[in-house]
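Here the structure is laid out as structure tokens; the discussion comes afterwards.
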Amino acid sequence: MHILHVVGARPNFMKAAPVYRACVARGIRQTIVHSGQHYDANMSDIFFTQLGIPQPDFNLEVGSGSHAQQTATIMQRMEPIVIEQRPDWVLVYGDVNSTLAGTIVCSKLGQLVAHVEAGLRSFDRTMPEEINRLLTDQVADLLFTHSEEAAENLTSEGVAAERIHFVGNVMIDTLIRLLPQCEPPQFPGVNGRYVLVTLHRPSNVDNPAALHQIMRALERVDQSLAVIFPVHPRTRRRLEEQAYKIDNPQLHLIEPLGYQEFIGLQRNATAVITDSGGVQEETTFLQIPCLTLRSNTERPVTVTIGTNKLIGSDPDRIISEINAILAGNGKKGAIPTLWDGHAGERIVDILMASHL
Ligand code: UD1
Ligand code: UDP
């Protein structure tokens, strides 16, 4: 059997790693295609090293661009590779533009496609990811889900039950495997408790007023807390555009971190403030209070079962929620079903069974 993995953006690498490892353990031939959607060393290369994935066999070097440019260029550059490789299965991960582009190319070539992390829905079509999720799930042949509600979403869209497999959470596979090696890096001036921040959703960072308001709130958190903010390149660009000035030594804006460093910080944080999809899940597993600066989530299990709270981006609410956590009233949670470190193995076993 030959499996071709399509990856491209930071969250894809944590999801592909456990599937890649499960394939290695079963002696399966593999090809990795990297779209090049993310290309900075600390948004891409570092994860291949830390997660133990080999260098991609193909890098399409698409780089940044509008949605149409990025998606179309990935499609054009991927098609000849898939025609030449003719894998038995193509695996696409998550909800980024590389996911959708890979799915369209392969399904039109008659290649079998499996979507890992299928069925997530925010029901908010202003999010580019929601469009990618809806379209990918319509045409992929097999849909691997990480929560019961994801299967319900698919069923309500008319997807046949035999295409859906509830396998658990691959991102948590990576977390469980690497957690013993994840220690927080030291920062000058940070000796005690801290809040960890990550933000990159266009709805929060592409609107100058919204971003300004969130930054002001981060500068107002209780003096007993440092604020450590590894800044995503989209957000960095937006802060530079508005020449945002920080004169508060409590707030540490740093470059995006490697996986081990970032998980090391998450596991020891007093609270995490985020709009990331994956971070909502990781904090639930780590049982760290998570304040999500959004009004919806495609991962409701992190709210109903986990430690996640959707709080929007009102500055007073951000401050009052942090104060509640400091007062010992952070949200407690449990770990969702099948977030157990074995999702990647289940996926590969199902693919092998489907191949017979
Ligand atoms: C993308 C995904 C988003 C995912 C996020 C994870 C889509 C539509 N969006 O958003 O779902 O949550 O990745 O991080 O697929 N840039 C760099 N260096 C890089 C990559 C990007 O400087 O290595 C800058 C460029 O200015 C670029 C901007 O970041 O224009 C945005 O990158 P892009 O991949 O388009 O979207 P993300 O916001 O990263
Ligand atoms: N992450 C990281 N370094 C950082 C910020 C995030 O390694 O500086 C990891 C995080 O632990 C999670 C993944 O990146 O595993 C989430 O990716 P991201 O937030 O970029 O995308 P999303 O999940 O929102 O699609």
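Note that the structure is predicted; figures quoted are calculated from it, not measured. Numbering of ligands and ligand atoms starts at 1, following listing order.
By the 4.5 Å heavy-atom criterion applied to side chains, L51 and Y20 are not counted as neighbours. At least one side-chain heavy atom of V159 sits under 4.5 Å from a side-chain heavy atom of L143. Looking at heavy atoms from C-beta onward, I228 lies out of side-chain contact with V195 at the 4.5 angstrom threshold. Inter-residue side-chain proximity for L253 and L251 is flagged as met; some heavy-atom pair is nearer than 4.5 Å.
Atom 8 (O) of ligand 2 has L257 N, 2.9 Å as its closest protein atom, hydrogens excluded (heavy atom only). Residue, atom and distance of the protein heavy atom nearest to atom 5 (C) of ligand 2 are R10 NH1, 3.3 Å. Of the protein's non-hydrogen atoms, F262 CD2, 3.6 Å is the one closest to atom 1 (N) of ligand 2. The protein non-hydrogen atom at the shortest distance from atom 23 (O) of ligand 2 is G278 N, 2.7 Å. Looking only at protein heavy atoms, the nearest one to atom 10 (C) of ligand 2 is E282 OE1, 3.4 Å. Closest to atom 25 (O) of ligand 2, if we only count protein heavy atoms, is P11 CG, 3.3 Å.
Which parts of ligand 1 touch H232 is read off a 4.0 Å heavy-atom cut-off, strictly below it: atoms 14 (O), 37 (P), 38 (O), 39 (O). Listed by number with element, the atoms of ligand 2 under 4.0 Å from a non-hydrogen atom of G277 are 22 (P), 23 (O), 24 (O). Atoms of ligand 2 lying under 4.0 Å from any heavy atom of G258, numbered from 1 in the order shown and given with element: 7 (O). Set against the non-hydrogen atoms of P11, the atoms of ligand 1 under 4.0 Å away are 6 (C). Each of the atoms 8 (O) of ligand 2 lies under 4.0 Å from some heavy atom of P230. For ligand 2 and P256, the ligand atoms under 4.0 Å from any heavy atom of the residue are 8 (O). Counting the atoms of ligand 1 from 1 in the order shown, those under 4.0 Å from a heavy atom of R237 are 25 (C), 26 (O), 30 (O). Every atom of ligand 2 is numbered from 1 in the order shown, and the set under 4.0 Å from a heavy atom of F47 is 7 (O). Taking every non-hydrogen atom of R201 and a distance limit under 4.0 Å, the qualifying atoms of ligand 1 come out as 11 (O), 12 (O).
With a 4.0 Å heavy-atom cut-off, ligand 2 is reached by the side chain of Q266 but not by its N, CA, C or O. Only the side chain of I263 comes within 4.0 Å of ligand 2, judged by heavy-atom distances. Here R236 has no heavy atoms under 4.0 Å from ligand 1, in either its backbone or its side chain. Here H38 has heavy atoms under 4.0 Å from ligand 1 in both its backbone and its side chain. At a 4.0 Å heavy-atom cut-off, ligand 2 touches Y259 through backbone and side chain alike. With a heavy-atom cut-off of 4.0 Å, R201 touches ligand 2 through its side chain alone. At a 4.0 Å heavy-atom cut-off, ligand 1 does not touch S98 at all. Counting heavy atoms under 4.0 Å from ligand 2, residue E129 does not touch it at all. Of the heavy atoms in S276, both backbone and side-chain atoms come closer than 4.0 Å to ligand 2.
Comparing R234, E129, R238, Q69 against atom 3 (C) of ligand 1, the shortest heavy-atom distance belongs to E129. Taking only non-hydrogen atoms, the option from Q37, R10, M127, H67 nearest to atom 7 (C) of ligand 1 is Q37.
For Y39 and H34, the ring centers are positioned 6.0 Å apart or more. In this structure, H212 has its ring center under 6.0 Å from that of Y244.
Judged purely by atom type and a 3.5 angstrom limit, Q111 uses its side chain to pair as donor or acceptor with the backbone of P87. Of the possible donor and acceptor atoms, one in the side chain of K331 sits under 3.5 Å from a partner among the backbone N and O of N308.
The shortest N/O to N/O separation between H200 and ligand 1 falls below 3.5 Å. The distance criterion of under 3.5 Å between nitrogen or oxygen atoms is met by Y39 with respect to ligand 1. Of the polar atoms of M14, none of the N or O atoms is found under 3.5 Å from an N or O of ligand 2, judged by distance alone. By the 3.5 Å distance cut-off applied to N or O atoms, H232 is not counted among the residues near ligand 2. Backbone and side-chain nitrogen or oxygen atoms of N132 are examined, and none is located within less than 3.5 angstrom of a nitrogen or oxygen of ligand 1.
Shortest non-hydrogen contact noted between Q250 and E219 is OE1-O, 4.0 Å. Considering every non-hydrogen atom in both G341 and I176, the closest pair reads N-CD1, 3.4 Å.
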Check: Would D340 and R346 satisfy salt bridge (Lys or Arg N to Asp or Glu O under 4.0 Å), going step by step from the backbone distance to the final call?
Finding: CA-CA 11 Å; D340 62 357; R346 288 185 200 102; 2.3 Å; yes

Margin query: One pair to check against side-chain hydrogen bond (donor to acceptor under 3.5 Å, both in side chains): Q50 and E261. What are the steps and the verdict?
Written below: CA-CA 10 Å; Q50 292 194 347; E261 293 80 7; 3.1 Å; yes

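Remark: distances from the non-hydrogen atoms of G94 to ligand 2 are all 4.0 Å or more. Close to ligand 2: M171, with a non-hydrogen atom less than 4.0 angstrom away. Residue contacts with ligand 2 include H200, since one or more of its heavy atoms lies under 4.0 Å from the ligand.
Under a hydrophobic clustering in which Ile, Leu, Val, Met, Phe, Trp and Tyr are joined whenever their side-chain heavy atoms come within less than 4.5 Å, directly or via other members, L134 and M127 fall into different clusters. One hydrophobic cluster, built from ILVMFWY side chains closer than 4.5 Å, holds both L351 and V167. Under a hydrophobic clustering in which Ile, Leu, Val, Met, Phe, Trp and Tyr are joined whenever their side-chain heavy atoms come within less than 4.5 Å, directly or via other members, V272 and L291 fall into different clusters.
Checking each of E149, E298, E157, E152 against R121 for a salt bridge (Lys or Arg N to Asp or Glu O under 4.0 Å) leaves exactly one that passes, namely E157.
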